[in-house]
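Within every chain, numbering begins at 1; the chains are lettered A, B, ... in the order of the sequence lines, protein sequences first and strands thereafter. Being a predicted model, the structure only gives us computed values, none of them experimental.
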There are 2 protein chains.
Amino acid sequence: MVMGRRRPGSYVCGVDAAMDVIGGKWKVLILWALAVRPHRFGELRRELHGVTEKVLAAHLRELEADGIVHREEYDEVPPHVEYSLTPKGVTLNAALEPLGVWGQRNVLASATAGEVGEDDDVALITRGA
Amino acid sequence: MVMGRRRPGSYVCGVDAAMDVIGGKWKVLILWALAVRPHRFGELRRELHGVTEKVLAAHLRELEADGIVHREEYDEVPPHVEYSLTPKGVTLNAALEPLGVWGQRNVLASATAGEVGEDDDVALITRGA
DNA sequence: CTGTATCCCACACGATACTG
DNA sequence: CAGTATCGTGTGGGATACAG
């Protein structure tokens, strides 16, 4: 889904405010990748299979502007840039975890199997591959 | 932001699977409204200030197809329809709460005030108006 | 290696009118 | 009241080429 960024405006509640920050096709995947470890631009491009350089760069700029990711540039040749989560990004990631569990149990699971028991322990693979 | 629904495909993780369900400009607001109490079509239209009938109807149909909302039609004159959350919708709403708290503290608060303390009790106004 | 610069387009959303 | 039918549009994102 694409919802237009309405930055200028006032949000109705905290959820849609947060949705504005993570509302990009690849943003949660970027968050997830950076939660594992810092990544270089090329690493992200390879791990987010299908993203174009233009869009990846744009998303990273936005996440940086929102204080979610930190961009560290090493002045070397060849160029070397590392992206990592800021403390704020870490908290966002944590806030996303329940949603990940929900999606895992209510979308992914039901898409492949029949129904899902109530006590399946999916918590350990929260955002599962 | 609007991210295109990629229903046909396989999701990379639970989060973007869930994002597909709530990925509509008004969906979280619908969820929120229905969490308070069941609503009629016209009530939703009035509470979600700015939504058009077409889009509201489309979102409700998608949420219904995803098993998030229940549509109860009373065969009367004039027509009477009530939308409410399914148990699955309730769990989704619950999974959204941490994100709401995050947005409240990291987007809404910082937009109006300076910085936010760590222990402010915003938990009680989770999805706050 | 880490990006910009263009061009293009599908599609989510909006506006308006109409119907059972 | 509770929606459909049509038409128009903004923009997020894809493809490709080029640059520091």
Open item on the list: Under 4.0 Å, heavy atoms only, any strand: does A/Y83 hit a base, just the sugar-phosphate, or nothing?
Closed with: sugar-phosphate

- [ ] Could you check if a side-chain atom of B/D66 sits within less than 4.5 angstrom of a side-chain atom of A/V107, using non-hydrogen atoms only?
- [x] no

Task: For atom NE2 of A/H59 and atom C1' of D/dG12, their distance in whole Å - done: 8 Å

- [ ] In whole angstrom, give the distance that lies between atom OH of A/Y74 and atom C1' of D/dG20.
- [x] 21 Å

Task: Whole angstrom value for the distance that separates P of D/dA2 from CD of B/E64 - done: 15 Å

Task: Expected output: side-chain A/T86 to main-chain A/G67 donor-acceptor under 3.5 Å - done: yes

Task: Of B/V90, B/L63, B/I30, B/T91, the residue whose pairing with B/I68 passes side-chain contact (heavy atoms from CB on, under 4.5 Å) - done: B/L63

- [ ] Would you confirm whether A/D16, through its side chain, and A/C13, through its main-chain N or O, come within 3.5 Å as a donor-acceptor pair?
- [x] yes

Task: Donor-acceptor side-chain pairing of B/H39 and B/E47 below 3.5 angstrom - done: yes

Task: Atom-pair distance (CG on B/L29; P on C/dC13), nearest Å - done: 12 Å

- [ ] Using five base pairs at each end, measure the axis-to-axis angle across the helix from C/dC1-D/dG20 to C/dG20-D/dC1 and round it to 10 degrees.
- [x] 50°

Open item on the list: One thing to verify: whether B/E43 and B/R37 come together as a salt bridge, which I'm taking to mean a side-chain N less than 4.0 angstrom from a carboxylate O.
Closed with: yes

Task: Spacing of A/L56 atom CG relative to D/dT16 atom P, expressed in whole Å - done: 18 Å

Open item on the list: Quick one, B/W102 and A/L96 - any side-chain contact, counting heavy atoms below 4.5 Å?
Closed with: no

Task: Residue-phosphate contact under 4.0 Å: A/R61 side-chain N/O, C/dT4 OP1/OP2 - done: yes

TODO: Look at the side chain of A/D20 and the backbone N and O of A/A17, then say whether any donor-acceptor pair between them is shorter than 3.5 Å.
DONE: no

Open item on the list: Counting primed atoms plus P, OP1 and OP2 as sugar-phosphate and everything else as base, spell out the protein contacts along nucleotides 14-20 of chain C at 4.0 Å heavy-atom distance: B, S or - for each nucleotide, 5' to 3'.
Closed with: BB-B--B

Task: Atom-pair distance (CD on A/E62; C1' on D/dG13), nearest Å - done: 11 Å

Task: Charged N-O contact under 4.0 Å between B/E62 and B/K27 - done: yes

Task: Between C/dC13 (C1') and B/I30 (CD1): distance, integer Å - done: 13 Å

Task: Stretch residues 37-48 of chain B: residues that reach within less than 4.0 Å of DNA chain D through a heavy atom - done: B/R40, B/F41, B/G42

TODO: Mind listing the closest non-hydrogen atom pair of A/N93 and A/W32 along with its distance?
DONE: OD1-N, 4.5 Å

TODO: Determine the sole option in A/V55, A/L44, A/L31 for which the side-chain contact (heavy atoms from CB on, under 4.5 Å) test with A/W26 is passed.
DONE: A/V55

